[in-house]
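Remarks on the structure that follows.
Since this is a predicted model, take the numbers as computed values, not measurements.
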Amino acid sequence: MPKGYEGITHMTEVDRLRDLISEANRIVIFTGAGVSTESGIPDFRSPGGVWDRYKPIYFDDFMSSREARRETWRRKIETDKTITIAKPNRGHQSIASLISRGKASAVITQNIDGLHQVSGVPEDKVIELHGNSTYCSCLDCGCRVPLEDVLGPFRVDETLPQCPECGSEYVKTATISFGQQMPEAQMRRAQEETLAADLFIAIGSSLVVYPAAGFPIMAKQNGARLAILNREPTDLDRHADLVVNAEIGPTLGSAVGLN
Ligand code: NAD
Ligand code: ZN
């Protein structure tokens, strides 16, 4: 329990979250798939989530198997049916408001849906640890390839893309697959932000995917307070100053005073 809360029993967890936020000078927000479920994008590990339907395709399989690449694009077409129509929800908007008020310095996200940017968080304050699924890049020359240039021909006869610059067959959404190296610049920025924070709020993540889940622990070990907002318990709850098991949109909206 944070200092000063001893003996106070009538405070709700939302009140405590509001207090932690108001006492903080530099908040870092860390999000997982749970922040986007209220926008209609399923998370991974909840019932009905992505892992109920698909097994992950590892990076090595993508590289070595044309069939794995075809299956990746088939899934992309399927998941785009929700991602492309999703709008930011109250959770995203509450986070954007903490950023615009200068309360929070950055959003570190595991999400690939781009909804933090759509909700108004400036591009340079969103750190995407697992990349972004709204465009593609060539794994050989690094050039950016518009998603529709890939999906258009694939939809017709499952033609696999080739890089328009170098001809490579390794064109992939700009996301980080299991087994793929983490993006260096984003990892470094996430670490800098985490070490500069006095309050770290983990929102909508099961906190089991590493190295991403290492950041909440890093913040805590560095002396920051740690709050976890998630529908169900997480592996890191024992490290937290505050755990709120509740729905993200209403809880965060109330904690940041978003009407
Ligand atoms: P996860 O599915 O493992 O965990 C999500 C957590 O959020 C669960 O514990 C669930 O109980 C909780 N949750 C879901 N909806 C909630 C709500 N409305 N209110 C409160 N809690 C809620 O997701 P994760 O921890 O982000 O797993 C990591 C991986 O998931 C990342 O690699 C990420 O790239 C990927 N992913 C991203 C998206 C996206 O971009 N929206 C979607 C699916 C998966
Ligand atoms: Zn190329």
Is there a donor-acceptor contact under 3.5 Å from the side chain of [X] to the main chain of [Y]?
X    : Y    : result
R90  : L258 : yes
S119 : Q93  : no
S65  : E67  : yes
R66  : M63  : no
N89  : V35  : yes
D198 : N25  : yes
K103 : A24  : yes

Problem set entry | Test salt bridge (Lys or Arg N to Asp or Glu O under 4.0 Å) applied to E13 - qualifying residues, sequence neighbours left out |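 With sequence neighbours excluded, E13 shows a salt bridge (Lys or Arg N to Asp or Glu O under 4.0 Å) to no residue whatsoever.
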May I ask whether [X] and [Y] are part of the same hydrophobic cluster, defined by side-chain heavy atoms of I, L, V, M, F, W, Y residues being less than 4.5 angstrom apart, directly or through others?
X    : Y    : answer
L195 : F200 : yes
I108 : I176 : yes
L20  : I29  : yes
L17  : L226 : no
V126 : I201 : yes

By side chain to side chain contact (heavy atoms under 4.5 Å, CB included), which residues pair with [X], not counting sequence neighbours?
X    : value
Q221 : I217
A196 : R26
N132 : Q117, E128, T134, Y135
P211 : M182, M187

Listed once per pair and sorted, the salt bridge (charged side-chain N to carboxylate O under 4.0 Å, His left out) pairs that draw on [range], sequence neighbours left out:
range            : value
residues 202-224 : K220-D241
residues 175-189 : none
residues 134-163 : R74-E158, E148-R155

Which heavy atom of [X] sits nearest to which heavy atom of [Y], and what is that distance?
X    : Y    : value
T37  : P42  : CG2-C, 4.4 Å
S168 : C138 : CB-SG, 3.8 Å
A213 : L236 : O-CD1, 3.5 Å
A68  : I57  : O-CD1, 3.9 Å
I127 : E193 : CD1-CG, 3.9 Å
S105 : V28  : OG-CG2, 3.8 Å

Problem set entry | Distance-only polar pair, side chains of S97 and R101, donor-acceptor under 3.5 Å |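 Checked: S97/R101 side chains pair up, N/O donor to acceptor below 3.5 Å.
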Donor-acceptor contacts, no H, no angles, side chain residues 245-253, under 3.5 Å, sequence neighbours left out:
{"unit_1": "N245", "atom_1": "ND2", "unit_2": "N230", "atom_2": "O", "d": "3.0"}
{"unit_1": "N245", "atom_1": "ND2", "unit_2": "E232", "atom_2": "O", "d": "3.4"}
{"unit_1": "E247", "atom_1": "OE1", "unit_2": "R231", "atom_2": "NH2", "d": "3.2"}
{"unit_1": "E247", "atom_1": "OE2", "unit_2": "R231", "atom_2": "NE", "d": "2.8"}
{"unit_1": "T251", "atom_1": "OG1", "unit_2": "E247", "atom_2": "O", "d": "2.4"}

Problem set entry | Pairs involving residues 173-182, ordered by first then second residue, that meet side-chain hydrogen bond (donor to acceptor under 3.5 Å, both in side chains) (sequence neighbours left out) |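 Non-adjacent pairs meeting side-chain hydrogen bond (donor to acceptor under 3.5 Å, both in side chains): K172-S177, K172-Q180, T173-T175.
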Exercise. Who passes ring-ring contact (aromatic ring centres under 6.0 Å, His included) against F215, sequence neighbours left out?
Worked result: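 For F215 there are no ring-ring contact (aromatic ring centres under 6.0 Å, His included) partners, ignoring immediate neighbours.
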Exercise. So which residues get pulled into L160's cluster when ILVMFWY side chains under 4.5 Å apart are joined, directly or through others?
Worked result: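 Once heavy-atom contacts under 4.5 Å are chained together, L160 belongs with W73, I77, V145, L147, V150, L151, F154, V171.
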Problem set entry | Basic-acidic side-chain contact under 4.0 Å: D15, R18 |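 Salt bridge flag = yes for R18 with D15.
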Problem set entry | Test item: T82 and D113 side chains (from C-beta on) under 4.5 Å apart, heavy atoms |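 In short, these two side chains do not touch, never coming nearer than 4.5 Å.
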